[in-house]
Every structure is written in C-alpha cells, then in structure tokens.
There are 2 protein chains.
Amino acid sequence: MQVTPELLSAFPSLKPLPAATLARLAQESLVRKFARRGVVLTAGVREEFVCFLFEGRLQGVDFTIDGREVGLYFVEPGDFCGELGMFDHGPQPEFVIALTAVVTVFVPMESLRQVTFEHPMLLKLLGERLAARVRQLTRQRSLLGLPNISQRVCCQLWMLVPEDARQNLNASVINNPPTHMEIAIMLNLSRETVSRVFQILQTRQIVRRDGTSLLHVSDTPTLKRLAEGSEEL
Amino acid sequence: MQVTPELLSAFPSLKPLPAATLARLAQESLVRKFARRGVVLTAGVREEFVCFLFEGRLQGVDFTIDGREVGLYFVEPGDFCGELGMFDHGPQPEFVIALTAVVTVFVPMESLRQVTFEHPMLLKLLGERLAARVRQLTRQRSLLGLPNISQRVCCQLWMLVPEDARQNLNASVINNPPTHMEIAIMLNLSRETVSRVFQILQTRQIVRRDGTSLLHVSDTPTLKRLAEGSEEL
DNA sequence: CTGGCTAAGTGACCACAATCACATAATAGC
DNA sequence: GCTATTATGTGATTGTGGTCACTTAGCCAG
C-alpha cells in the first residue's frame, strides 16, 4: 500500500523532518497491517525495517529457555520498535506481537540511516528514544521486585492510563487493553492471579470493562494509591 | 588524581580516539576510588560524568516503591556506566554501587559530547553500547521468567563465567564474585535461597569458593547444562 | 590475639501464588 | 443466526520459596 508523507509526519519522531525527506522516505516505506496475534517482528532475525505503529497495540515478548512467554514492553500508537539494529546492525532481540489488529508503517533501516547523516536531529531523536527504552525496561524490572502482587498489577495498569488522566486524576479509558494473559507475562504472574486482582478492582468499582476493547478507569485516585502502595487492596 | 591518556586508552571504547583527543579528555577527567559499598552514581541526579570502570565490579541497583532492593546489571572492568544522560540529558535512572573496592575514571559528559561532534565514531560506539545495554536488560528479564529457581541461579552464574571458559568448557575462576545477597536481588530471590543453591553446587563439586574474592568453576559443562535446563539440580 | 562485623549456612514454619480443572462469558468466523 | 475459539471467572489443592531465627565462618582493624 502507498505511504504518503502526511502519514509519516503523523509520527512525532519523523514530523520535524523536511517535506522532501519525508517524501523520499514515504516512497520506500510500506504500510503493513497485521491481525491480532500476528508476528510483527521476529526475534533473532536481522530485520531491515523500523516498525512505526499507527493504530493498535503491540507487545515485545521473549521466551525463556524452557519456552515460557515473557512480556517486555507495550508499544502505543505513534511510537516505533525494532530500531536496535539501527545502532549495532545486530539481530532483533525479541518478538513483537500484535495485541490487536494493527496498522504499521515499515521504514527501511538503510534509508533511515541515510537520513541520519543529513539530519543529525534524527540521530539525536533515535538516541533519546533508545534512552527512553532503557528507562522503561528499568522501571518494568523494578516492578517485578514488588512482593505484593496486586500492587504489581495496579502499577502496570497505572502505566497504561493516559498521561493526562494520570496528572489530573480524572476518569479515563484505556483503549485496547491487554488481556489478563498479556498482563500476566509482563508481571511474572499466572493468568488466574491477574484475573482475581481484576475481579477485586471491578467489585470495588475502580475499573469497569466495556466490551473487549475498552477499560474504564473510574476511580483514578484509588488506583494511584494502590499502585503506590499507600493503600492495600 | 592525575589521569594519563594511556589510562584512558585502556578502555576499548576510547582507544580508537587520536592521542591529542585523549590527552584533552585526560586533563578533564578524574580518577575516583570507592570502597566496597560506595555509591558511585546516584539515582535521580543529573550526573555530569560517564563512569569508566578500571578495576573491580559495579552493580546497577534500583529500589521498588516499598524500598526493596533490585539488581539490574553488573559492570565489568573496561566497561562504563552512567552514559544515559549523554543521549537525553535526563537524570541517572538507577544507583550504581561498588561491589568491591574499585578504581574508576570519571569523564565529563560535556567533554565527551564535544568529542562526539569531532569523531562520529565515538557516537557510533556509544550507540552500540546503549544497544548492548538494551540487549542485556532484555536477557536479564527473560531470566526472571524461569520458574525453576536453581536454573535461574545457574544462568546468572554462567553469565559471570569468563568468555573463553564458556566457549571451551574448561575450568575457570570468577574474580570478585558477587555475594549471595547481590545475586539474590538480581534474580528476585531471597539470600537464603541463593545460599541453598550454592550449597548444592558446592557439594556436587561444580563450583568451589576460595576466600572471598575467588570462585572456581570446576565443572563447567555441568554448569552449562544446568543453566540451559537440560539437567536438573 | 581478640572483638566486631559482614557473609554464609540451615532448620522450621507457613503464606501465597501456581497449577489443575472446570464453568461461563464474550467474540469472531461462517 | 449458530458454532468454534478465545478470554475470563473460580474453587480446591499443593509445592515452593519467603521469612524468621539462629548458628557458623571468614575477614579486618586495633
């Protein structure tokens, strides 16, 4: 499918680039759609594209030696993944799976590398992005240190709450929330345990499910306190 | 203490730089020694130095909301840490603690930034290094997914075994091995549990302690099988 | 040599999350 | 619509690692 420069400029990391550059990148990029559960990036392979997420939600996952699934991070629309090879030409370290039907734009790494020569600004952006990834992985690792299981779930949920709702503590909606299983592998928990925590959260009217693609966060202040551990579930 | 260009060129990441550049960097750098348990880098602070490790072993640690210690990574001699701010000017995300008495070289970030303009090669190196950090964090995260506790410990031990011994499966020595506690926080385990696993490893003559600063790995092939899960402890 | 301190070893106990085994929704596909 | 499939809810059971409470060993300073 055809990629327009306008589509590319929808991504904050590409937006600052001049129109001409975007036009060139657009020509070499391709829109790829994946169904739920589709494998967007494969671990161990030298992917030659950076994957920009336009719509839906992705999850980076790895597998332990004994085949157990491990959740690493979520990717939200506007963000991208698979950029590690930009820096070291190494293989993609983890799988990236579509949690919902997704629309992505694949931009060839080699073209992006070209652009970084002409526009160091992009290089800077990529560096900042990678740094952000390290910070995120670190935060997620700390989460796993929490001995209290419901706090762990609430923290993870908290990170999915939209930015402005986290600030103003107003009610909000999480779009395409991960399934219990997908949350479980992020937190080293069993699916059942996550289910039980959600059960309590729903009974206490802190969150409310609305179909499969919406999760209402009604009582944001309480969720915050639960995530911070100042209140027990 | 005075830093010589020769000292700087002992670090693989700086070695390729021209002598003149190294001389300038050396002038602005400082040697800092820390005792065991010394705080080398502080979380939340905008550290204005990249810390190169000359001798000893460092550990990146974070704390959960409820004050529990979490181990993130080890730093070996020749490597460096605290470079995240080079990319995004953000604060240091985690603490870095000296596990042994250490000798470090602190190079001012601003000087390093200057050098990256003149020598894009350094920029490339830093990028590769950051990518390596992401790969390492990812691997460590997968480790935590292992349901079998002794396998987790053996995997971690395996990563501490010198490169060539891992290749050739010959006996080797781990210098300044982390304490049980330090391993425990890396693996989300209690100190006692790590102690019990080591007890079995020693009884089965797979490893042998030799004072506080040496750990002999006698049966490398078995350790490898234990780490891979093809053998149970 | 002798305290003092930190690291490591070990048993007893038990809370708690994993697992198993289902039931029941809720979707998606036809 | 109806069926197949995936997601979720829930009880019963149990294994396992955490915690506690010590002891023992090793190391360093004076």
Side-chain angles (χ1 to χ4, degrees), chain A residues 34-38 57 59 64 66-71 97-101 144-153 157 176-204 207-215 232-233, chain B residues 35-38 57 59 64 66-71 97-101 144-153 157 174 176-204 207-215 232-233:
Chain A
F34 294 86
R36 184 171 160 68
R37 298 257 163 279
R57 192 193 301 273
Q59 182 175 37
T64 60
D66 64 334
R68 187 169 296 243
E69 210 177 359
V70 173
I97 308 286
L99 296 189
T100 65
L144 294 181
L146 286 173
N148 184 322
I149 255 60
S150 19
Q151 192 182 356
R152 225 143 90 192
V153 176
L157 208 48
N176 296 317
T179 67
H180 293 177
M181 189 61 197
E182 285 147 8
I183 293 175
I185 61 167
M186 294 284 289
L187 300 175
N188 261 10
L189 294 175
S190 71
R191 202 252 322 150
E192 290 91 330
T193 301
V194 175
S195 190
R196 286 185 240 265
V197 173
F198 264 85
Q199 215 45 31
I200 303 175
L201 286 176
Q202 268 153 208
T203 311
R204 291 195 40 188
V207 303
R208 182 169 52 84
R209 298 195 61 214
D210 180 1
T212 196
S213 62
L214 290 177
L215 183 75
E232 284 271 324
L233 202 58
Chain B
R36 183 173 160 68
R37 298 256 163 278
R57 193 194 302 273
Q59 183 176 36
T64 59
D66 65 333
R68 188 168 295 242
E69 211 178 356
V70 173
I97 309 285
L99 295 188
T100 66
L144 294 181
L146 287 173
N148 183 323
I149 256 60
S150 20
Q151 193 182 357
R152 224 140 94 192
V153 176
L157 209 47
I174 297 173
N176 296 318
T179 66
H180 293 177
M181 189 61 199
E182 285 148 8
I183 294 175
I185 60 168
M186 293 285 290
L187 300 175
N188 259 12
L189 294 175
S190 72
R191 202 250 324 149
E192 291 90 332
T193 302
V194 175
S195 192
R196 287 184 240 265
V197 173
F198 265 83
Q199 216 43 33
I200 303 175
L201 287 176
Q202 268 154 208
T203 311
R204 290 194 42 187
V207 303
R208 180 168 53 82
R209 298 193 60 214
D210 179 2
T212 194
S213 62
L214 290 177
L215 185 75
E232 283 270 327
L233 201 59

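In this text the structure is predicted, and so the values were computed from the model without any measurement.
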So what does A:E182 touch, heavy atoms closer than 4.0 Å: a base, only the sugar-phosphate, or nothing? nothing
Do [X] and [Y] have side chains that approach each other closer than 4.5 Å (heavy atoms only, starting at C-beta)?
{"X": "B:T179", "Y": "B:R191", "result": "no"}
{"X": "B:D66", "Y": "A:N148", "result": "no"}
{"X": "B:I149", "Y": "B:L187", "result": "no"}

Given DNA chain C, 5'-ward residue of the pair B:R209 and A:R152, judged by closest heavy atom: B:R209
With DNA chain C as reference, determine whether B:P178 or A:T212 sits nearer its 5' end, using the nearest nucleotide of each. B:P178
Please state how far atom CG in B:L215 lies from atom P in C:dA7, giving the value in whole angstrom units. 16 Å
Do the side chains of A:E232 and A:R204 get close enough for a salt bridge, i.e. N-O under 4.0 angstrom? no
Going 5' to 3' along nucleotides 10-17 of chain C, which nucleotides have protein heavy atoms under 4.0 Å from the base (write B), which only from the sugar-phosphate (write S), and which from neither (write -)? BBB----S
Looking at [Y], is its backbone amide N or carbonyl O close enough to the side chain of [X] to form a donor-acceptor pair, meaning the two atoms are under 3.5 Å apart?
{"X": "A:Q59", "Y": "A:E182", "value": "yes"}
{"X": "A:R57", "Y": "A:L99", "value": "no"}
{"X": "B:N188", "Y": "B:L144", "value": "no"}

Taking 5' to 3' order, which nucleotide of DNA chain D is first and which is last to have an atom within less than 4.0 Å of a heavy atom in chain A? D:dA7 to D:dA12
Please round to the nearest 0.5 Å and tell me the distance separating atom CD of A:E192 and atom CE of A:M181. 8.5 Å
